[in-house]
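See structure below.
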Amino acid sequence: MDYDVVVIGSGHAGVEACHATAKMGYKTLLLTLNLDSIAFLACNPSIGGTAKGQLVSEIDALGGLMGIMADRNTIQRRMLNGSKGAAVQSLRAQIDKVTYHTTMKEVLENLPNLDIVQAEASEIIVEDGKVAGVLTAQRIRYNCKACIVATGVYLNSKIIIGDYIKDSGPNGFSNASLLTKSLIDLGFKIKRYKTGTPVRVHSDSIDYSNLEVQKGEDNIQNFSYMTKTPPSNVINCYLTYTNSRTHELILNNLDKAPMYTGLITGEGPRYCPSIETKVVRFADKDRHQLFLEPEAMSTKEIYIQGFSTSMPSDIQRDMVHSLEGLENAHIMRDAYAIEYDAIESTQLYPTLEYKNVSGLFMAGQVNGTSGYEEAGAQGIVAGINAVKYIEGNDMLVLGRDTSYIGVLIDDLVTKESSEPYRMMTSRAEYRLHLRQDNADLRLTEIGREFGLVDDDRYSAYLKRLDNLAKISDILNARCGIKSDLAKIFAEKNEAFPSSGLSYAEALRRPCITIDDLLTILPLLNDYPYQDLKEIEIQEKYSGYLSRQDIQISQAKKSENVKLDPDMDYSQIKGLRIEAQQKLNKIKPLNLGQASRISGVSPADIAVLTVFIKTLKTAK
């Protein structure tokens, strides 16, 4: 059977990958271990979060699925860091994990150019250095021109609860036990990583009377710019805390914790540790906050966010019962740790193509990332580039100045990591430009260029550009000292310039908001509030944005200095041995990427710059 692209794995990376390739008109096969695991939220029943919300909106702007599906299945949402600057504000939503899976599966089943087959991939077939097909455990061969591996945490995965170990994927799904050998045979270096998930308890067994209520927020932006009606907040979350009794139970039973007995050998995520790790690492803290989050409208299961553990089941029960409000909680699912195989992602190009095999792309947690959002972001890029590879055209490489997706992939393929990678706003040096509110302005044109942004989405984008231009025109009008604007200044005890100023200039003042201007400019009410907020952010941060534009322009000079991917850096005199080794390993595509490699110093970059100039002169 012949396909253009075979995608292995139906998690969030695989879903975005196969959607992209099929939507771009290429015959695609999605291989999944279980049809019931398509787009399954195996851990946290939420999408978004700090920096992750930006990733979701970027996937959406490129024409992906995650943002639309998240909005469609939201049961509560909040804007994190709402009291802080726009650069760090991120949308996070509680998702109905049951309907998210079923609606995503329905979309894929009705997608032209896509076939879905429940089967385990056992081997990637390579001929003459190029992908030629995929073999399943049933010895069925599917020929293809490109392959995307998006196996998530399923490769040789093991569930660990105390001293109980089971070969299994998350949530009781079967694991993938055959493909790792094929990857090793193709030259991949394999790492062993670990993640985990908390217990699920029955809602009716929780005493909510003394717990803090966490309500959702209205009048905030959506993940998707195609969502016309904002999602409703239909549930509440609740906040509780660990206490001295909880900590005592954990510390007294560390000899039974797989993290400390040696049963778990994989490296876990630094920024999402187990509760036992938190108690040990932050011994000075009296308590840690825990969020009680409903999993879906059709189930009573409650997820205890922040309470991941791999302790034995009986100790888990005692730990849960030590928490306020959960003294009589009934555990429906035990918490567990899961170990799995991942690849060394520096073996990939920034296109996510494997350096040693043409047409083989890797995406998602198999690349050593954590989180649904990071996976989906890689999936859509891998899907686009698989098509571009087949066409023989230039592939998509997003810069660090264009998107969090660009930062994510650049970090993965450039910087060696010994733990699962998690996106954070602090990783993006141009985060003031890469905001949640402007993802469509940054990436819709790129999605359109690559064939993923359809006419409806593009029309909505053009309409927004028109709105922003018209709002700017209104706000550029100047006002004198007898204007309504001057009266607002007086009410706020703010001095109004005698020479007057424009409404736009007024917005740059900390005390003036777009809501103030709405009271005196009726014309503004004709435009969507999110468009008004967009202009407000642009004006308030205009000085900082201008300075960052200069930084971006300077950085691009290095990005534009291309490097030969076949260059032998051991032949360049003046480079330190460590730099030679790291450069030969990563094979950077430009001078900017070379400068971000760990172990390559500014002095090494200076030597490399001189060498490149000498080569150009010689030519």
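Computed from a predicted model, the values in this text were never measured in an experiment. Computation of the quantities below employed the complete heavy-atom set of this structure, encompassing side-chain atoms and omitting hydrogens, waters and symmetry-equivalent molecules.
In terms of modelled atom types and a separation under 3.5 Å, the side chain of Ser459 and the main chain of Asp455 share a donor-acceptor contact. Listed for the Ser502 side chain is no donor-acceptor partner under 3.5 Å among the backbone atoms of Ala477. One N or O on the side chain of Arg431 and one on the backbone of Ala428 form a donor-acceptor pair closer than 3.5 Å. Side-chain atoms of Lys540 come within 3.5 Å of backbone N or O of Ile512 as a donor-acceptor pair. Distance alone, capped at 3.5 Å, is enough to place a donor-acceptor pair between the Thr240 side chain and the Glu324 backbone. Without hydrogens or angle criteria, Lys52 side chain to Gly371 main chain gives no donor-acceptor distance under 3.5 Å. With hydrogens and angles disregarded, no donor-acceptor distance shorter than 3.5 Å links the side chain of Arg200 to the backbone of Glu295. When atom types are taken as modelled, the side chain of Ser417 and the backbone of Glu419 share a donor-acceptor pair closer than 3.5 angstrom. No donor-acceptor pair under 3.5 Å is formed between the side chain of Gln289 and the backbone N or O of Tyr241.
Taking NZ of Lys194 as the start and OG of Ser370 as the end, the distance is 11.5 Å to the nearest 0.5 Å. Annotation: the span from Ser205 atom OG to Lys300 atom NZ amounts to 10.5 Å, rounded to 0.5 Å. Of the inter-residue distances, the one linking Ile446 atom CD1 with Glu58 atom CD reads 9.5 Å to the nearest 0.5 angstrom. Thr102 contributes atom OG1, which lies 10.0 Å from atom CE of Met69 (distance to the nearest 0.5 angstrom). A distance of 11.0 Å separates CD1 in Ile95 from CD in Glu293, rounded to the nearest 0.5 Å. From Met66, atom CE reaches atom CZ of Phe223 across 9.0 Å, with rounding to the nearest 0.5 Å.
Checking Arg400 against Ser403 by side-chain atom types alone, no donor-acceptor pair falls below 3.5 Å. Side-chain contact annotation: Thr227 with Asp71, donor-acceptor N/O pair under 3.5 Å present. Side chain to side chain, Thr369 and Asn367 fail the donor-acceptor criterion of an N or O pair below 3.5 Å. With 3.5 Å as the limit, one finds no donor-acceptor pair spanning the side chains of Ser90 and Asn81. Of the N and O atoms on the side chains of Asp60 and Ser224, at least one donor lies less than 3.5 Å from an acceptor on the other residue. A donor atom on one side chain and an acceptor atom on the other are found under 3.5 Å apart for Gln436 and Ser57. Under the 3.5 Å distance criterion, with hydrogens and angles disregarded, a donor-acceptor pair is assigned to the side chains of His433 and Asp549. Side chains of Tyr458 and Glu445: a donor on one and an acceptor on the other come within 3.5 Å. For the residue pair Arg457/Thr444, the side-chain donor-acceptor check at 3.5 Å is not satisfied. No side-chain donor-acceptor contact under 3.5 Å links Asn233 and Arg78. In the model, Glu539 has no side-chain atom that pairs as donor or acceptor with a side-chain atom of Tyr503 under 3.5 Å. Side-chain contact of Asp456 with Tyr461: a donor-acceptor pair under 3.5 Å is absent, judged by distance alone. Under 3.5 Å, the side chains of Gln214 and Asn236 contain no donor-acceptor pair of N or O atoms.
Counting non-hydrogen atoms of neighbouring residues, nucleotides and ligands closer than 6.0 angstrom, the CZ atom of Arg333 reaches no more than 12 such neighbours. Atom CG of Asn219 sits in a sparse spot, with 12 or fewer heavy atoms from other residues, nucleotides or ligands closer than 6.0 Å. For Glu106, the CD atom sits in a loose shell: 12 or fewer heavy atoms of surrounding residues, nucleotides or ligands are nearer than 6.0 Å. No more than 12 heavy atoms of other residues, nucleotides or ligands sit less than 6.0 Å from atom NZ of Lys463.
Among all heavy-atom pairs drawn from Leu211 and Gly325, the shortest one is CD2-CA, 4.2 Å. Scanning all heavy atoms of the two residues, the minimum distance from His19 to Gly63 falls at CE1-O, 3.3 Å. The two residues Met423 and Ala51 have their closest heavy-atom pair at CG-CB, 3.6 Å. Contact detail for Gly364 and Gln378: the closest heavy-atom pair is N-OE1, 3.1 Å. For Ile304 against Leu290, the heavy-atom pair with the smallest separation is CG2-CB, 4.1 Å. Across all their heavy atoms, Ser274 and Thr277 have their closest contact at OG-OG1, 2.9 Å.
The aromatic rings of Tyr100 and His12 sit tilted, their planes meeting at an angle between 30° and 60°. Ring-plane geometry between Phe173 and Tyr154 is classed as tilted, the angle between the planes lying from 30 to 60 degrees on a 0 to 90 degree scale. The aromatic rings of Tyr208 and Tyr238 are tilted relative to each other, their planes meeting at an angle between 30° and 60°.
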Yes or no on side chain to side chain donor-acceptor pair (under 3.5 Å) for Glu534 and Gln538, after CA distance, side-chain angles and deciding distance?
CA-CA 6 Å; Glu534 177 65 34; Gln538 290 179 11; 3.0 Å; yes

Determine, step by step, whether Gln89 and Arg435 satisfy the side-chain contact (heavy atoms from CB on, under 4.5 Å) criterion, reporting the C-alpha distance in whole Å, the side-chain angles of both residues, the deciding distance to 0.1 Å, and the verdict.
CA-CA 8 Å; Gln89 293 177 8; Arg435 305 185 308 275; over 6 Å; no

Applying side-chain contact (heavy atoms from CB on, under 4.5 Å), run through Arg287 and Thr246 and close with a yes or a no.
CA-CA 9 Å; Arg287 64 180 190 172; Thr246 315; over 6 Å; no

Are Tyr541 and Gln548 close enough, and set up right, to give a side chain to side chain donor-acceptor pair (under 3.5 Å), and what steps lead you there?
CA-CA 10 Å; Tyr541 292 94; Gln548 203 162 85; over 6 Å; no

Determine, stepwise, if the pair Arg77 / Glu217 fulfils salt bridge (charged side-chain N to carboxylate O under 4.0 Å, His left out).
CA-CA 6 Å; Arg77 61 185 192 147; Glu217 293 180 82; over 6 Å; no

Run the side-chain contact (heavy atoms from CB on, under 4.5 Å) check on Lys556 and Gln551 step by step: do they pass?
CA-CA 9 Å; Lys556 278 186 176 179; Gln551 296 171 350; over 6 Å; no

What do the steps show when you test Asp526 against Lys470 for salt bridge (charged side-chain N to carboxylate O under 4.0 Å, His left out), and what is the final call?
CA-CA 11 Å; Asp526 294 337; Lys470 289 178 178 177; over 6 Å; no

Test Arg478 against Glu505 for side-chain contact (heavy atoms from CB on, under 4.5 Å), laying out the working first.
CA-CA 9 Å; Arg478 294 190 64 80; Glu505 290 169 333; 3.3 Å; yes

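Among Asp410, Thr414, Asp411, the single residue meeting the side chain to side chain donor-acceptor pair (under 3.5 Å) criterion with Arg596 is Asp410. Screening Ile116, Val15, Asn110, Ile38 for a side-chain contact (heavy atoms from CB on, under 4.5 Å) with Lys105, the sole residue that qualifies is Ile38.
Taking the six-membered ring wherever Trp is involved, the centroid distance between the rings of Tyr303 and Phe291 does not fall below 6.0 Å.
A salt bridge links Asp531 with Arg464: at least one charged nitrogen is closer than 4.0 Å to a carboxylate oxygen. No salt bridge links Arg422 with Glu374; every basic N to acidic carboxylate O contact stays at or beyond 4.0 Å.
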